[in-house]
Amino acid sequence: MSVVSITRSPTTVPALPLPMVPHATAPLPGRARPRAALCAAVSALAITAALGLVATEARAQSAAPGATVTLDELVVEAAGGQPGAPATTTEGEARRRLAATPGGTAVVDQRQLEARSDVSIADSLNIVPGVIANSFLGGNDQPKIHIRGSGQQTNPTERGLLILQDGLPLNRADGSYIVGLIDPRMADFFEVYRGYTANRLGATVLGGAINFVSPTGSGSPGAQVSVEGGSYGYVRTQVQGGDRKGDYDAFVQYSYDQRDGYRTWNGSDRTIFSANAGARINDNISTRVFVGYTDLGFEIAGPLSWNRMKADPTQAAPGPITVNGVPTEPGPNALRDKPLRDTQQARVGSRTTATYGEHVFDLALGYTYTDDTFRFPVGTGYRITDGGDFTTSARYAYRPDKTAALPLFETTAMYVVGSADRTWANNYRSIRTTAFGSNELEAQTLSVWSGFNVPVGAFTISPALSYMMATRDNTDTFGAARRPTINAVSGATGTVAATNTSFSRSYDAFNPSLAFLYNLAPNNVVFAAVSRTYEAPTFDDLLEATGGTPNTSPTGFATPNLKGQSSITAETGTRGTWDRFAWDVVTYYSWIEDELIRTTNISGALSTVNADKTRHFGVELGGSVRLTDALTARVTYTFQDFRFWNDPLYGDNRIAGAPRHVFLGALRYTINPQLWVEGEVQWVPDDVPVDNANTLFSEAFATVNMRAHYKYDARWSGYAEVRNLFDANYAASTLTIGRATRADQAAFLPGDGRAVYGGIKARF
């Protein structure tokens with residue numbers, strides 16, 4: 001009688017086509033920061049471990065359009081050792097699929113984040129060429145993220161990218177998103193699509209898309225707990241566990257982190273819970289459901305003038321300083337107004353895949369509810385938004401060649417519709433007082449994409465066409481004839497006449513693309529593409545409080561009739577591996593019309609306008625080399641030259657906020673199979689314009705980080721890190737201004753000083 005055993009095959013990843021080696025403040029008002037979360041984590045670990053889960057190195061799968069949703073297959077081995085079907089290598093499939101895409105793409109997994117503590121989304125994205133992610137407020141804030149210039153000026157609200165979790169968008173229906181809701185270490189890996197390559201996912205933006213993929217019970221069975229802490233009151237814990245029983249699996253994870261912050265009024269805390277469960281209904285159909293909840297809060301220390309930042313980068317923005325009766329250093333008063341953001345978001349969704357021979361059908365449904373309170377300085381006041389968004393995504397793919405990385409034909413459609421109530425109230429010394437506006441916001445965005453991938457010998461020709469339609473409808477529900485105002489210095493109140501802010505905007509566009517990819521050799525390709533992309537404005541662009549100053553509340557609203565921004569982009573690149581080398585190089589040039597330019601005034605109030613013509617040129621370069629068996633080096637370099645084009649105000653000036661050169665390099669030495677150490681330098685070698693008039697600049701800087709990782713055995717590991725080793729005093733990012741009228745403008749956001757972190761991780 002033969003003996004049959006059923007085991008899960010370990011995941012193997014093919015050769016990488018991408019060059020990646022691995023002041024104390026008060027708690028947020030009304031928010032608890034329970035360090036007892038650590039006890040909860042340990043208890044949860046004990047419960048999970050008691051289930052008898054067994055850890056493996058298997059990986060999760062991409063749930064984005066272009067992938068299929070399945071349970072990992074099982075390997076059936078007889079006593080003679082004859083294997084059955086191999087296990088699904090889902091992360092490997094994602095790498096293979098993106099490597100075959102003619103354009104800028106990348107996959108980042110948790111191995112590339114090892115030994116990094118206090119990992120923000122900016123830390124995880126900076127290792128990807130072409131992605132610029134700068135800390136804006138410190139901690140788990142909303143870093144300033146852009147790809148190819150799209151969204152570079154949009155803090156403290158975000159647009160320009162499609163952010164997905166398990167293939168379902170975190171963006172609201174109008175395209176805005178809150179990036180601080182994402183914890184990159186709760187994703188097993190994530191995919192980055194730069195430029196037009198994101199259109200196939202339903203993107204209607206210029207920059208691209210990022211899809212964070214959660215672990216699954218079949219891909220990552222077992223339990224894991226990690227605890228870390230360090231400078232500036234930072235502590236974080238994460239617990240996760242999952243398993244598979246037959247045709248069903250489930251995975252649950254929880255994380256909590258808090259930070260007092262490097263600066264005064266700079267604390268933050270975040271709690272995230274997520275879970276997913278999958279089922280193989282039959283040999284053709286699989287489904288997976290997702291749920292999640294995030295509670296995010298952070299204090300906003302505000303911008304400083306350059307001289308004030310150099311004197312003491314840990315202070316909060318004090319507002320205009322009067323010297324000999326003359327106000328200096330114009331900017332918001334964070335000490336008095338105590339700006340902060342408090343956001344809760346709940347998510348639920350499902351994705352079902354049906355495969356019948358050469359035909360693949362995929363259907364995803366999702367709902368997101370967001371409750372967001374943003375307390376701006378007095379010049380903008382409180383902005384409270386709550387509402388929900390429904391997403392429907394459908395895909396069909398024709399795959400006559402199952403060995404091909406991409407289907408011969410593919411079409412996708414995504415429709416997102418949502419509504420929200422928005423209330424505006426005055427901020428008097430951090431207290432919410434009288435409401436001065438209210439709106440009902442309704443948005444819908446439809447995107448449809450169809451494309452071919454036609455093999456012709458060593459070439460693949462990929463023509464595609466997408467269509468997008470969007471509406472933005474605002475109903476003014478305030479009702480009163482006058483709007484109340486307040487003076488934050490004297491407390492004096494008043495009123496101004498209220499005008500109706502209602503509007504209805506609609507946008508639509510066809511976006512064709514044509515791309516070619518040539519296989520030089522296995523894992524070595526060159527490609528070229530020409531594409532058009534289009535992006536509609538968000539409600540944050542279309543409805544903005546106006547008339548405020550650093551000491552007085554708004555007096556009304558602006559409702560600019562903005563056009564959507566469009567671009568035609570030509571790009572070419574190559575990626576591959578050879579011997580000890582790996583590389584990924586892309587260069588592009590974009591002709592942009594009606595670019596959405598967003599600037600900040602001295603009170604912190606925002607405004608958006610369309611620039612007539614702008615030009616974006618860039619080089620995205622990543623590379624790695626194994627110098628010896630123990631020594632490896634990697635580098636990420638992004639060059640970007642973003643300019644106005646014969647603009648009546650700014651001529652051919654550089655667009656504010658975009659560094660021309662961003663360099664990240666690292667050298668890793670493996671002492672033995674258990675221990676490695678790494679040094680890393682981040683370098684911005686030239687000054688960055690703060691204003692579009694190019695009269696005020698942020699100076700060049702460099703920071704050095706050191707880290708080490710020790711793997712005791714298959715269960716226990718530990719790590720330590722020193723950030724900003726030489727305690728550089730620098731501006732991590734800045735506000736973006738139209739024209740800085742004075743050199744002492746408060747516009748600079750300091751980066752963290754020297755910090756020491758450490759952590760441990762255990763798998764069961």
Side-chain angles (χ1 to χ4, degrees), residues 132 134 136 144-157 159-160 205-207 303 305-306 330-331 533-538 540-542 544 546 558 560-569 588-619 638-662 684 686-700 731 733-749:
I132 304 300
N134 298 325
F136 194 69
K144 203 171 188 177
I145 298 176
H146 74 85
I147 296 176
R148 300 184 177 180
S150 181
Q152 69 176 346
Q153 298 183 319
T154 54
N155 277 88
T157 54
R159 63 159 167 77
V205 294
L206 270 60
S305 67
W306 183 262
T533 53
Y534 183 88
E535 180 177 345
T538 69
D540 295 330
D541 300 310
L542 296 168
E544 297 167 319
T546 61
N561 190 7
L562 299 172
K563 302 176 183 178
Q565 59 183 10
S566 63
S567 72
I568 295 176
T569 300
Y588 65 90
Y589 194 94
S590 294
W591 295 262
I592 302 178
E593 294 188 359
D594 302 314
E595 181 171 356
L596 295 164
I597 300 294
R598 192 164 173 83
T599 56
T600 308
N601 67 17
I602 60 174
S603 70
L606 300 157
S607 61
T608 305
V609 299
N610 288 117
D612 182 24
K613 297 179 185 296
T614 55
R615 300 291 184 263
H616 291 199
F617 169 65
V619 178
T638 300
F639 171 81
Q640 45 192 18
D641 187 25
F642 303 157
R643 293 183 178 272
F644 295 93
W645 187 265
N646 293 326
D647 189 84
L649 289 177
Y650 305 122
D652 295 338
N653 284 356
R654 291 169 59 188
I655 298 173
R660 285 171 58 88
H661 307 274
V662 179
V684 176
D686 64 343
D687 295 350
V688 180
V690 174
D691 66 337
N692 294 320
N694 293 180
T695 63
L696 184 64
F697 289 81
S698 175
E699 293 182 2
S733 56
T734 71
L735 303 183
T736 52
I737 303 168
R739 182 180 298 274
T741 57
R742 47 198 301 164
D744 61 350
Q745 173 79 55
F748 302 92
L749 285 304

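The shown structure was predicted, so the numbers you read here are calculated from the model rather than taken from an experiment.
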Within the structure provided, determine whether [X] and [Y] are in side-chain contact (heavy-atom separation under 4.5 Å).
{"X": "Arg742", "Y": "Pro330", "value": "yes"}
{"X": "Asn692", "Y": "Ile597", "value": "yes"}
{"X": "Gln745", "Y": "Leu696", "value": "yes"}
{"X": "Thr638", "Y": "Val619", "value": "no"}

Just by distance, no angles: are the side chains of Thr736 and Thr599 close enough, under 3.5 Å, to form a donor-acceptor pair?
no
Taking atom types as modelled, find out whether Ser733 and Asn134 have a side-chain donor-acceptor pair closer than 3.5 angstrom.
no
Please find the pair of heavy atoms, one from [X] and one from [Y], that lie closest to each other, and give the distance.
{"X": "Ser567", "Y": "Thr569", "answer": "OG-OG1, 3.7 Å"}
{"X": "Phe748", "Y": "Ser305", "answer": "CD1-C, 3.9 Å"}
{"X": "Ala731", "Y": "Trp306", "answer": "CB-CZ3, 4.1 Å"}
{"X": "Pro537", "Y": "Leu596", "answer": "CA-CD1, 3.9 Å"}
{"X": "Phe644", "Y": "Arg654", "answer": "CE1-O, 4.1 Å"}
{"X": "Glu535", "Y": "Ser150", "answer": "OE1-OG, 3.3 Å"}

Tyr588 ring centre to Arg148 NZ or CZ under 6.0 Å, with the angle to the axis within 45°?
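Yes - Arg148 lies over the ring of Tyr588, closer than 6.0 Å to its centre and within 45° of its axis.
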Nearest 0.5 angstrom please: [X] [atom1] to [Y] [atom2], how far?
{"X": "Tyr650", "Y": "Arg739", "atom1": "OH", "atom2": "CZ", "result": "6.5 Å"}
{"X": "His146", "Y": "Lys144", "atom1": "NE2", "atom2": "NZ", "result": "8.5 Å"}
{"X": "Asn653", "Y": "Asn694", "atom1": "CG", "atom2": "CG", "result": "4.0 Å"}
{"X": "Asp687", "Y": "Ser698", "atom1": "CG", "atom2": "OG", "result": "7.5 Å"}
{"X": "Ile568", "Y": "Tyr534", "atom1": "CD1", "atom2": "OH", "result": "13.5 Å"}

Test of understanding: with side chain to side chain donor-acceptor pair (under 3.5 Å), list the residues that count as partners of Asp691, not counting sequence neighbours.
Thr695
Set of residues satisfying side chain to side chain contact (heavy atoms under 4.5 Å, CB included) with respect to Asn646, sequence neighbours excluded:
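Result, side chain to side chain contact (heavy atoms under 4.5 Å, CB included) vs Asn646: Asp652.
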Not counting sequence neighbours, which residues clear side chain to side chain contact (heavy atoms under 4.5 Å, CB included) with Thr546? List them please.
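Here the qualifying residues are Ala558.
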Assess whether side chain to side chain contact (heavy atoms under 4.5 Å, CB included) is satisfied between Glu595 and His616, documenting all intermediate values.
CA-CA 11 Å; Glu595 181 171 356; His616 291 199; 3.0 Å; yes
Below 4.0 angstrom, N of the basic side chain to O of the carboxylate: do Asp541 and Arg159 qualify?
yes
Considering only NZ, NE, NH1 and NH2 on the basic side and carboxylate oxygens on the acidic side, decide whether Arg598 and Glu544 come within less than 4.0 Å.
yes
Apply side chain to side chain contact (heavy atoms under 4.5 Å, CB included) to the pair Leu542 and Leu562, showing each step before the final yes or no.
CA-CA 7 Å; Leu542 296 168; Leu562 299 172; 4.1 Å; yes
Is it the case that more than 12 heavy atoms not belonging to Trp645 sit under 6.0 Å from its CH2 atom?
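Atom CH2 in Trp645 is not crowded, with 12 or fewer foreign heavy atoms closer than 6.0 Å.
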Give the intermediate values and the outcome of side chain to side chain contact (heavy atoms under 4.5 Å, CB included) for residues Ile132 and Gln152.
CA-CA 9 Å; Ile132 304 300; Gln152 69 176 346; over 6 Å; no
His661 and Phe639 aromatic ring geometry - parallel, tilted or perpendicular at 30°/60° bounds
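Ring orientation, 0 to 90° scale: tilted.
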What's the verdict on side chain to side chain contact (heavy atoms under 4.5 Å, CB included) for Leu206 and Ile592, showing C-alpha distance, side-chain angles and the deciding distance?
CA-CA 10 Å; Leu206 270 60; Ile592 302 178; 4.3 Å; yes
